[in-house]
Amino acid sequence: MSGEVLINLTPMETRVAVVENGVLQEAFIERARRRGIVGNIYKGRVVRVLPGMQAAFVDIGLDRAAFIHAHEVMPPGTPADEQVSISQLLHEGQALVVQVTKDPIGTKGARLTTHLSVPSRYLVYMPDSPHNGVSQRIEDDGERERLRTQVEAALSEQTLEVSGGFIVRTAAEGVTDEELAGDMHFLLRLWRKVSERRVTAPAPSVIYDDLPLFMRTLRDVMRDDIEKVRIDSRENHVKLLEFAEEFMPDAVERIEHYAGERPIFDLFSVEDEIQKALARKVQLKSGGYLVIDPTEAMTTIDVNTGGYVGHRNLEETIFKTNLEAATAIARQLRLRNLGGIIIIDFIDMEDTEHQRQVLRVLEKALERDHAKTKCTGVTELGLVQLTRKRTRESLEQTLCEPCPACDGRGTLKTPESVCYEIFREILREERAYSAETYTVLAAQSVVDRLLDEESAAVADLEEFIAKTIRFQVESHYSQEQYDIVLM
């Protein structure tokens, strides 16, 4: 499998596309005014303690106070069943050094922890945890042991003070001892600077800011199968090369400046794929399709055969549609960055072996996902349930806002329903104020309905209240919007 990373940089925003085998798999978008803050470390101030929720709100200098739960304040390694009241851990006005684990999403503030960590290419340093570990995604036992031994050896050779432990990241598989030691030294130097700012910085203020998106992408996404990284900014191409030369020398030859006349995101039809990823319906090559519905609590995905009729029988048609859907769903989760609980309603299959194969294909496709996913199998109702770690806004939340006409429902009240709301409102106003006449301001479709299909009802209402009702079209009103003016 071959891949490319495309980086589009402007003063207003940074956009990154990860393409595998010519198909867009992931898109990251960061605007100058709404830059992601996951990983940033702040010196904040506790503004409210909520004993009933075992949580507190912390001012870290953002528009909304951030949220921290009691278990994120307890020392690392504390048994899960050990309960301590948040009131014993924090008090209002207290200065607190915290790290963001989830960006603010919608009306929810950022999520915080006091269990700090700073990442590099191959390691994550946890200054408050003395334990060392290796990523579970490195499955080879011999390699895991080699990496664990090398971390211990590098620690014993360090001249800088070491107060915590290290986690070896997946990207470290196969790297040399020298590269691991160099990464460790960089993190310890970085942490020394952060520690100094912890003491001197006022609250609230940022004391550690993670790398900009285009550098984070190189650090976190770069793998052996990424053949090329193209960036369309000459100035930032130089910065990216300098970063790679210091921390990822094996990637230097794969980084190039894109100077083509076509916009870089027109390569591999990235712009078109992003537009498709905002749609509710996803067409499959076979003729089947997915329907993806994100909600506040979870995301539901429905699989349908659509126009696919197969060649042999119904069971074969269903099986092939579900197989294609499993791969497509894994891609859509990455591309749309959907997180939380995800429920997939595959088409019902009678053959248990077919069910197992579809589940295996889904799990295999999810292995390439950088976000942590967990598939809990098939429920009693035949639904597949999985969870995907959510750390930042989805693609839709980044690019879109709720429709002002329907307020995000996805549907509008019919003109008939709005007409009857208007009738009820006029009756209310008549009982309260008893005006001489009423003028209804509404959208064209509603006024047309009032003057045509509902004209008899309007006449009956005028006779009942013994008042005249006039109508006026307001072209800028949505179908649900109306006003009643008392004259």
Side-chain angles (χ1 to χ4, degrees), residues 106-107 271-284 287-309 332 336 338 343 345 347 393-487:
T107 58
E271 293 284 15
D272 292 341
E273 289 298 317
I274 289 175
Q275 291 305 314
K276 288 179 186 176
L278 298 174
R280 181 171 176 254
K281 191 173 179 179
V282 178
Q283 206 67 43
L284 302 176
Y289 62 91
L290 311 175
V291 177
I292 301 175
D293 285 313
T295 68
E296 189 75 19
M298 67 180 70
T299 297
T300 61
I301 303 175
D302 188 35
V303 183
N304 298 278
T305 54
Y308 181 52
V309 294
Q332 290 296 324
R336 297 171 186 239
L338 298 172
I343 302 293
D345 185 9
I347 308 164
E393 291 183 325
S394 68
L395 189 67
E396 183 182 49
Q397 289 170 321
T398 302
L399 299 179
C400 306
E401 63 181 19
C403 167
C406 72
D407 198 25
R409 289 197 316 269
T411 57
L412 287 173
K413 292 176 185 173
T414 63
E416 180 185 26
S417 298
V418 178
C419 289
Y420 281 84
E421 274 189 27
I422 290 170
F423 295 156
R424 291 193 296 272
E425 187 60 31
I426 289 173
L427 285 171
R428 251 186 240 108
E429 299 287 352
E430 174 63 20
R431 291 191 186 99
Y433 304 107
S434 187
E436 292 183 14
T437 61
Y438 294 91
T439 300
V440 176
L441 312 179
Q444 182 76 58
S445 58
V446 174
V447 172
D448 288 348
R449 176 96 191 184
L450 287 164
L451 296 176
D452 192 357
E453 291 97 325
E454 306 299 338
S455 56
V458 172
D460 290 343
L461 182 59
E462 285 182 318
E463 185 180 348
F464 181 75
I465 65 175
K467 304 286 168 62
T468 302
I469 303 172
R470 298 190 177 92
F471 305 102
Q472 181 177 318
V473 173
E474 290 292 334
S475 58
H476 64 281
Y477 275 24
S478 72
Q479 189 163 287
E480 293 188 0
Q481 193 176 357
Y482 64 85
D483 284 303
I484 298 172
V485 181
L486 284 62
M487 309 294 284

Seminar exercise, completed: All heavy atoms of Lys467 vs all of Ser434, minimum pair found to be NZ-OG, 3.4 Å
Exercise. Asp272: what forms a side-chain contact (heavy atoms from CB on, under 4.5 Å) with it, not counting sequence neighbours?
Worked result: Ser269
For residues 417-426, please give each side-chain donor-acceptor pair under 3.5 Å, one per line with the distance, not counting sequence neighbours.
unit_1: Ser417; atom_1: OG; unit_2: Thr414; atom_2: OG1; d: 3.0
unit_1: Tyr420; atom_1: OH; unit_2: Glu454; atom_2: OE1; d: 3.2
unit_1: Glu421; atom_1: OE1; unit_2: Tyr482; atom_2: OH; d: 3.4
unit_1: Glu421; atom_1: OE2; unit_2: Lys413; atom_2: NZ; d: 2.6
unit_1: Glu425; atom_1: OE1; unit_2: Arg428; atom_2: NH1; d: 2.5

For this session: Mark yes or no for whether Thr398, through its side chain, and Ser394, through its backbone, hold a donor-acceptor pair below 3.5 Å.
Result: yes
Seminar exercise, completed: Across all chains, not counting sequence neighbours, the side-chain contact (heavy atoms from CB on, under 4.5 Å) partners of Leu427 are Arg431, Leu461, Phe464, Ile465
Seminar exercise, completed: Checking Cys403, Pro402, Pro404 against Cys406 for side chain to side chain contact (heavy atoms under 4.5 Å, CB included), the one that qualifies is Cys403
Problem set entry | Test salt bridge (Lys or Arg N to Asp or Glu O under 4.0 Å) applied to Lys281 - qualifying residues, sequence neighbours left out | none
For this session: Go through the structure and list residues passing side-chain contact (heavy atoms from CB on, under 4.5 Å) with Ala279, not counting sequence neighbours.
Result: none
For this session: Would you please test Leu399 and Ile274 for side-chain contact (heavy atoms from CB on, under 4.5 Å) and show each step?
Result: CA-CA 10 Å; Leu399 299 179; Ile274 289 175; 3.9 Å; yes
For this session: Check side-chain contact (heavy atoms from CB on, under 4.5 Å) between Val485 and all other residues, then give those that pass, not counting sequence neighbours.
Result: Thr439, Leu441, Met487
Exercise. Can Gln332 and Leu338 be said to form a side-chain contact (heavy atoms from CB on, under 4.5 Å), step by step?
Worked result: CA-CA 8 Å; Gln332 290 296 324; Leu338 298 172; 5.7 Å; no
Exercise. Can we say Arg449 and Glu416 salt-bridge, meaning some charged N sits less than 4.0 Å from an Asp/Glu carboxylate O?
Worked result: yes
Exercise. What heavy-atom pair brings Pro415 and Gln479 nearest, and what distance separates the two atoms?
Worked result: CD-NE2, 3.4 Å
For this session: Take Leu486 and Tyr438 through the test side-chain contact (heavy atoms from CB on, under 4.5 Å) and record every step on the way to the result.
Result: CA-CA 5 Å; Leu486 284 62; Tyr438 294 91; 3.8 Å; yes
Exercise. Between Val282, Asn304, Thr300, which is the residue that forms a side chain to side chain contact (heavy atoms under 4.5 Å, CB included) with Val291?
Worked result: Asn304
For this session: Mind checking side-chain hydrogen bond (donor to acceptor under 3.5 Å, both in side chains) for Asp407 and listing every partner two or more places apart, or none if nothing turns up?
Result: none
Problem set entry | Heavy-atom check, side chain of Leu278 versus side chain of Cys400, under 4.5 Å | yes
Exercise. Does Glu271 have any side-chain hydrogen bond (donor to acceptor under 3.5 Å, both in side chains) partners at least two apart in sequence or in another chain, and if so, which?
Worked result: Arg15
Problem set entry | Ile484 side, atom CD1; Glu430 side, atom CD - distance, nearest 0.5 Å | 11.5 Å
Exercise. How would you list all residue pairs meeting salt bridge (charged side-chain N to carboxylate O under 4.0 Å, His left out) that involve residues 287-304, not counting sequence neighbours?
Worked result: Lys108-Glu296, Arg280-Asp293
Exercise. Which value, rounded to the nearest 0.5 Å, describes the distance between Arg336 atom CZ and Gln397 atom CD?
Worked result: 13.0 Å
For this session: Mind listing the closest non-hydrogen atom pair of Gly288 and Gln283 along with its distance?
Result: O-NE2, 3.4 Å
For this session: Among residues two or more places apart or on two chains, list those pairs meeting salt bridge (charged side-chain N to carboxylate O under 4.0 Å, His left out) that have a residue in residues 478-487.
Result: Arg409-Glu480
Exercise. So do the side chains of Tyr477 and Val446 get within less than 4.5 Å of each other, counting heavy atoms only?
Worked result: no
Exercise. What residues form a side-chain hydrogen bond (donor to acceptor under 3.5 Å, both in side chains) with Gln472, not counting sequence neighbours?
Worked result: Glu474
For this session: Check side-chain hydrogen bond (donor to acceptor under 3.5 Å, both in side chains) between Gln481 and all other residues, then give those that pass, not counting sequence neighbours.
Result: none
